[in-house]
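Each ligand, and each atom within it, is numbered from 1 in the order the structure gives.
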Amino acid sequence: MSRLMSRLVIVSNRVPAPRERTQLAGGLAVALRDAIIGRETLWFGWSGNAAATATSTTPTIAATGKVTYATIDLSAADYRGFYRGFSNTMLWPLLHSRMGLAEFRREDLAAYRRVNDSFAEALAPLLRPDDTVWVHDYHLFPLGAALRRLGAANRLGFFLHVPFPPPAIFASLPQADGLLRDLGAYDVLGLQTAEDAGFLNQALAAVGVPGEARVFPIGIDPGAFAAAARRAEAGPEAKRLTSSLSGRALILGVDRLDYSKGLPQRFIGFAQLLKRFPEHRGRVTMLQIAPVSRGDIDQYKSLRKELDELAGHVNAEHAEFDWVALRYLTRATARNTLAGFHRLARVGLVTPLRDGMNLVAKEYVAAQNPEDPGALVLSCFAGAAQEMDGAILVNPYDPDETAEALHLALSLPLEERRDRWRRMWQAVERNTARSWARGFLAELEGAEARAA
Ligand code: ADQ
């Protein structure tokens, strides 16, 4: 069988829930849609259930069209150690260069390795010799090595969606060398930016692992998102939002409630705008939509508390009896509704302290009306900043810089908004979800399969 016809096996921590499978809405599912369509695919991962007495190694199988989903349940202890512990309280802060928020526990690392072994044990019997296996993200660094130990000789690829930090920061992880050596089991390593790939390559070279990480910037489906935004602009939610603004300009932020997204600094930056450029008082409204994410982790609980207080503080200081300066929501909002909100926003405000790529920045650009587009204020520490030459770039740690960028964004004449938007749109169209998936798979399928 030719390689191009071989089955694609996707492995990610979470697999789309059954109700999401027919539409493949959101996140990785959207990004992978083009790679999957028309191709026989097995998607393997955690079911989202964490109540098993022991993590299972016998997957539950369900097929939808050409895609077969194979999922395993985690035990409550493995959920705590593997998911909440090592993945999200150690690796996530470490990879975002936030060691102050990281907590290392040997038993969490043991759970992380145990769950990766269970993934491998459950997946190995399902693999056919010519399957192409594509593993996603930081939960699964050791999976490739675990599969090799079980005899898998398939082409194995790994893509890291989040940043990779400077090697000296990565080295603060106890037993970091072991994880780096595990990465040597993959045939292709993909990262979002040249900087991330450079750091990983330095770290790999330092422990003598051969191979070179490559850059595959992820993107969206710009045409589909633009169409969704046009439709949603005429929908009931967008109409309600427009009428509630009473002609004021909208500044929009859309993020998971995560400390990597720079939300406190963003709120302070908006307050600085109102303080230092009083002409905007009563004339702009900021809407921040940030659904709670990983809400059972202490660092996320305290961020939520901090944001509740800050939002209250900003409004107490700046709002008028007929104008709420900052609207802040932690409820989830439907993707299509958000697309319409992006189109209405005069400014997209995307200021993560560090982000692998940041797809919201690309979605904001895709949603704009080309005749009357808004402006994007973007953190220079988002991977997307490497591509978005028309954005107004800021250092998100400096709220005054954010305030100045917001002032500039609100004051840009139409011609300049159009010109900046055209350049950003070109970038969004250059690196799409499709080009990302195709580029990675072409590289992986060109790699020589290993002898078992
Ligand atoms: P995330 O940290 O989740 O992803 P991002 O890329 O911005 O960050 O968002 C992923 C998706 O979630 C986007 O499609 C976005 O629309 C959606 N989303 C975000 N906030 C939302 C909200 N409030 N309501 C509804 N939907 C929302 C990780 C990395 C990123 C990298 C992606 C993909 O951290 O750097 O870009 O993976 O590789």
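- Arg98 contributes a side-chain N or O that, together with a main-chain N or O of Tyr259, makes up a donor-acceptor pair within less than 3.5 Å.
- Residue Leu338 holds the heavy atom nearest to atom 25 (C) of ligand 1 of all those in Ile289, Leu329, Thr330, Leu338.
- Residues Arg304 and Thr330 are in side-chain contact: their nearest non-hydrogen atoms beyond the backbone lie under 4.5 Å apart.
- Set against the non-hydrogen atoms of Gly356, the atoms of ligand 1 under 4.0 Å away are 35 (O).
- Here is the list of ligand 1 atoms found below 4.0 Å of a heavy atom in Glu363: 13 (C), 14 (O), 15 (C), 16 (O).
- The only option from Ile218, Asp221, Val350, Val428 that meets the side-chain contact (heavy atoms from CB on, under 4.5 Å) definition with Lys362 turns out to be Val428.
- The residue Asp258 has no part lying near ligand 1, judged by heavy-atom distances below 4.0 Å.
- Counted within 6.0 Å of CZ on Arg283, heavy atoms from surrounding residues, nucleotides or ligands total 12 or fewer; the atom is thus considered open.
- Under 4.0 Å from ligand 1, the heavy atoms of Thr333 that appear belong solely to its backbone.
- Close approach to Arg256 involves these atoms of ligand 1, each under 4.0 Å from a residue heavy atom: 1 (P), 2 (O), 3 (O), 20 (N).
- The heavy atom nearest to atom 6 (O) of ligand 1, considering only Leu359, Leu257, Val360, is found in Leu359.
- Taking the side chain as every heavy atom from C-beta outward, Trp134 and Val11 never approach each other to under 4.5 Å.
- If you look at Phe199 and Phe170, their ring centroids are not closer than 6.0 Å.
- Which parts of ligand 1 touch Trp92 is read off a 4.0 Å heavy-atom cut-off, strictly below it: atoms 34 (O).
- For the pair Arg294 and Trp92, the cation sits on the ring face: its NZ or CZ lies under 6.0 Å from the ring centre, inside 45° of the axis.
- Here is the list of ligand 1 atoms found below 4.0 Å of a heavy atom in Arg335: 14 (O), 16 (O).
- Selection from His342, Lys261, His96, Met357 by nearest heavy atom to atom 8 (O) of ligand 1 gives Lys261.
- The residue among Pro217, Pro291, Gly383, Ala334 with a heavy atom at the shortest distance from atom 23 (N) of ligand 1 is Pro291.
- Proximity to Val254 (heavy-atom distance under 4.0 Å) selects the following atoms of ligand 1: 20 (N), 21 (C), 22 (C), 23 (N).
- Atoms of ligand 1 lying under 4.0 Å from any heavy atom of Asp355, numbered from 1 in the order shown and given with element: 29 (C), 30 (C), 34 (O), 35 (O).
- Side chains of Arg327 and Ser244: a donor on one and an acceptor on the other come within 3.5 Å.
- Ring orientation note: the planes of Phe86 and Tyr112 are tilted relative to one another, at an angle of 30° to 60°.
- The ligand atoms of ligand 1 that sit less than 4.0 angstrom from a heavy atom of Gln192 are 31 (C), 38 (O).
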